[in-house]
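Structure record follows, encoded as structure tokens.
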Amino acid sequence: MVAQGFVVDLNKPLVFQVGHLGEAYQEWVHQPIVCKEGPRFFESDFWEFLTLTAWWVIPLIWLPVVCWSISMSLRMGHTLPQVAVMVVSGIFIWTFLEYTLHRFLFHIKTKSYWGNTIHYLLHGCHHKHPMDGLRLVFPPAATAILCVPFWNLVQVMSTPSVAPAVFGGGLLGYVMYDVTHYYLHHGQPTSQVPRNLKKYHLNHHFRIQNKGFGITSSLWDKVFGTLPRSKSAEKSK
Ligand SMILES: [Zn+2]
Ligand SMILES: [Zn+2]
Ligand SMILES: [Zn+2]
């Protein structure tokens, strides 16, 4: 059973502790600790190592797969303009996935031991330590697993020669998302668009965590009504 008033010891590995928080987990995980140094996840050095991913690993591993997939549709006889449309469609599908995964899967409310533990590994850790630079992008092994249902979905929605380019576009959208997400936390943007995106995302972390799920754009937040109110609108309310 859940120990009443369980306290997490931040100096010990966290992953197998957070489950004991039970219903108190949601509140705990949404109280961020802003510190560049990340927490220890596991006792074992091997498992600990597997939880660390540098941001540049994402384009390094996935961009070749993107190129290969896109070129497959070209090799199957489609023209460059046709393939361009497929890639853009793939990116568009990704933006929808980015929003729905973040809103409904990454922010699923858990309270059981394993529910909390899995949520922590998936997204909770990023809300607890938003500046932990090695636990911000998605570990490639996890992405590879998620690629399987995505590939199946794309295949159902298109034809054999169209599917590779749409899949490549979706994967490209994912790479842009993860790199953008890293940049929003660790970069110092000077131009207007990225500055606004950074503000938008930090708002999701530090002000209203149940709004502003879009990372690369606010499009789907507008469509589904989860756009956070601006500070000035809140004051005049
Ligand atoms: Zn989030
Ligand atoms: Zn959250
Ligand atoms: Zn973030």
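Sequential numbering from 1 along the given sequence is applied to the chain's residues. Numbering of ligands and ligand atoms starts at 1, following listing order.
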Exercise. Applying ring-ring contact (aromatic ring centres under 6.0 Å, His included), run through His30 and His107 and close with a yes or a no.
Key: CA-CA 11 Å; His30 287 114; His107 281 273; 5.7 Å; yes
Exercise. Could you label the plane-to-plane angle of the His201 and His102 rings as parallel, tilted or perpendicular, counting under 30° as parallel and over 60° as perpendicular?
Key: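 Plane angle between 30° and 60°, so tilted.
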Without placing hydrogens or testing angles, list every side-chain donor-acceptor pair under 3.5 Å for residues 189-196, not counting sequence neighbours.
none

Quiz item: What's the NE2-the Zn ion (ligand 1)-NE2 angle here (His123, His102), rounded to 10 degrees?
Solution: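 Output for this angle: 90°, rounded to tens.
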Quiz item: Is any NZ, NE, NH1 or NH2 atom of the basic residue among Arg40 and Asp45 found under 4.0 Å from an Asp or Glu carboxylate oxygen of the other?
Solution: yes
Which atom pairs, donor and acceptor, lie under 3.5 Å between side-chain atoms of residues 62-69 and protein residues at least two apart or in another chain?
from, atom 1, to, atom 2, distance (Å)
Ser69, OG, Val65, O, 2.9

Self-check item: Cut-off under 2.8 Å, centre the Zn ion (ligand 3), protein N/O/S atoms
Solution: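 N, O, S partners closer than 2.8 Å: His126 NE2, His181 NE2, His185 NE2, His201 NE2, His205 NE2.
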Self-check item: Partner set under side-chain hydrogen bond (donor to acceptor under 3.5 Å, both in side chains) for Ser44, not counting sequence neighbours
Solution: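 For Ser44, no residue satisfies side-chain hydrogen bond (donor to acceptor under 3.5 Å, both in side chains) once neighbours in sequence are set aside.
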